[in-house]
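Provided herewith is a single structure, encoded as structure tokens, for subsequent inquiry.
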Amino acid sequence: MTFTLFPDARLTLAREALTGLSVGDALGSRFFVPGGAVAPWPDALPPGPWPWSDDTEMACSVLGVLAAHGRMEPDALALALAAHYDPARRYGAGAVELLELIRAGTPWPVAAAAAFDGQGSYGNGAAMRVAPLGAWHADSVRRAADQARASAEVTHAHPEGIAGAVAVAAAASLAARARLDGDRPEPARLLAAVAGALDPAGEVHRGIRRATALLGRPAVEVAAAVGNGSRITAQDTVPFTLWVAATLLHDYPAAIRACVEAGGDVDTTAAIAGGVVAAYTGVGTPGGVPEGWLAAREPLPAWLTTAA
Ligand code: R7I
Ligand code: MG
């Protein structure tokens with residue numbers, strides 16, 4: 001069945017994915033331990049406010065562009081990312097360099113292609129911000145994948161950096177569609193559909209296939225096998241996060257806890273898994289983003305509230 005969503009429905013789905021992404025980012029940041037140690041999940045969560053990081057700041061730009069243009073416009077995204085860039089939000093090293101080049105006038109295609117000695121970035125930054133775009137495209141996985149590519153290329157020219165974004169957007173599109181249909185996909189079916197949107201020769205694709213073979217295993221074992229994001233790359237981050245989302249699609253708090261207990265790049269793994277899961281669960285619903293967690297998250301930037 002194909003259909004087209006009413007614009008307000010797109011915006012609601014994308015906003016809820018952004019809520020899941022930003023709460024995951026902000027709470028995950030409270031548990032980030034440099035050097036690879038894992039902070040255990042506590043009996044009581046830390047008191048708010050939980051500040052969000054670059055994951056949320058960039059995702060707000062993605063949603064702002066969709067709301068303003070009705071589609072992903074790479075030029076508008078480049079301008080928004082550069083305009084809202086706040087170095088205190090703990091951006092990736094390559095992203096700092098790139099956004100400063102754009103602010104100084106370098107065209108984004110030139111800046112993105114020059115990153116990392118001309119191979120382009122395969123950091124996890126294009127994947128971490130894209131779940132709202134996937135939810136926006138609940139009516140078409142293919143469109144979600146194409147638009148994710150357009151959003152990723154602005155900062156991540158390497159095919160693996162782009163594949164990470166395509167995979168996460170496809171997962172969020174399928175999650176939002178499942179919510180509209182009232183039909184939760186089997187984890188293996190969800191991951192197979194995501195893998196189908198990717199180049200089978202790529203490392204992100206291979207990682208998702210490996211993660212699929214580990215469905216039913218403990219999350220820490222899966223993270224040990226496919227990566228927990230500690231390398232900050234798409235290849236090392238996206239397969240585990242989508243395993244978490246597919247496995248715990250009905251249970252946002254459990255998905256965030258699984259990311260925290262796996263260690264690594266916790267703010268970003270929780271942002272990715274949280275964005276996809278919230279596209280399915282919503283906010284304040286059974287299994288959804290808890291209202292108390294949302295209240296503890298630092299408010300989203302005022303400029304987004306007026307834009308979307
Ligand atoms: O992808 P990006 O925006 O980083 C996002 C991450 C998230 O965890 C955020 O929470 C924040 O902490 O940063 O930023 P990039 O700097 O483009 O990529 C992230 C990292 O991936 C880089 O700092 C490198 O360590 C690594 N990386 C590469 N290493 C070698 N060669 C990315 N691309 C390459 C590469 O081509
Ligand atoms: Mg971050």
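All ligand and atom numbering here is 1-based and tracks the order in the structure.
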Quiz prompt | Option set I232, V96, L99, T268, criterion heavy-atom distance to atom 19 (C) of ligand 1, minimum | solution = I232
Quiz item: Which residue holds the protein heavy atom closest to atom 36 (O) of ligand 1, what is that atom called, and what is the gap in Å?
Solution: Q119 NE2, 2.7 Å
Quiz prompt | Any N, O or S atom of T268 closer than 2.8 Å to the Mg ion (ligand 2) | solution = no
Exercise. Starting from atom 30 (C) of ligand 1, locate the nearest protein heavy atom and write down its residue, its atom name and how far away it is, to 0.1 Å.
Key: Y122 OH, 3.3 Å
Self-check item: Short N-O contact, R89 and D86, less than 4.0 angstrom
Solution: yes
Quiz item: Do you see a donor-acceptor pair shorter than 3.5 Å between the side chains of Y122 and E203?
Solution: no
Quiz item: Counting heavy atoms only, which part of D265 comes closer than 4.0 Å to ligand 1: side chain, backbone, both or neither?
Solution: side chain
Quiz item: If you measure from the Lys or Arg side-chain nitrogens to the Asp or Glu carboxylate oxygens, is any gap between E16 and R10 under 4.0 Å?
Solution: no
Quiz prompt | Distance-only polar pair, side chains of R177 and S140, donor-acceptor under 3.5 Å | solution = no
Self-check item: Donor-acceptor pair between T155 and R129 side chains, under 3.5 angstrom
Solution: yes
Quiz item: Among protein heavy atoms, which sits nearest to atom 25 (O) of ligand 1, and what does the distance come to when rounded to 0.1 Å?
Solution: R231 O, 4.4 Å
Quiz item: Is the closest heavy-atom distance from A115 to ligand 1 below 4.0 Å?
Solution: no
Quiz item: Distance only, no hydrogens: is a donor on one side chain within 3.5 Å (strictly under) of an acceptor on the other, for D267 and S53?
Solution: yes
Quiz item: Considering only the protein, which heavy-atom contact is closest to atom 12 (O) of ligand 1, and what is its distance?
Solution: R90 O, 3.5 Å
Quiz item: Which bit of L98 gets closer than 4.0 Å to ligand 1, counting heavy atoms only: side chain, backbone, both or neither?
Solution: neither
Quiz item: To the nearest 10°, what's the angle at the Mg ion (ligand 2) between atoms OD1 (D55) and OD1 (D54)?
Solution: 80°
Practice problem: If you have a sec, work out which protein heavy atom is nearest atom 11 (C) of ligand 1 and how many Å separate them, to one decimal? | Solution: D54 OD2, 3.1 Å
Quiz item: Counting only heavy atoms, which portion of N124 has something under 4.0 Å from ligand 1: side chain, backbone, both, or neither?
Solution: both
Quiz item: Between D55 and ligand 1, which residue portion shows a heavy-atom distance shorter than 4.0 Å: side chain, backbone, both, or neither?
Solution: side chain
Quiz item: Is the closest heavy atom of H158 to ligand 1 under 4.0 Å?
Solution: no
Quiz item: Are S61 and L77 side-chain neighbours, meaning at least one heavy-atom pair lies under 4.5 Å?
Solution: yes
Quiz item: Can we say D236 and R231 salt-bridge, meaning some charged N sits less than 4.0 Å from an Asp/Glu carboxylate O?
Solution: yes
Practice problem: Measure F116 to ligand 1 on non-hydrogen atoms and call it side chain, backbone, both or neither using the 4.0 Å cut-off. | Solution: side chain
Practice problem: Assess the side chains of N124 and D265: does a donor N or O sit below 3.5 Å from an acceptor N or O? | Solution: yes
Quiz item: Are H156 and ligand 1 in contact, using a heavy-atom cut-off of under 4.0 Å?
Solution: yes
Self-check item: Shortest-distance N/O/S atom, D267 versus the Mg ion (ligand 2)
Solution: OD2
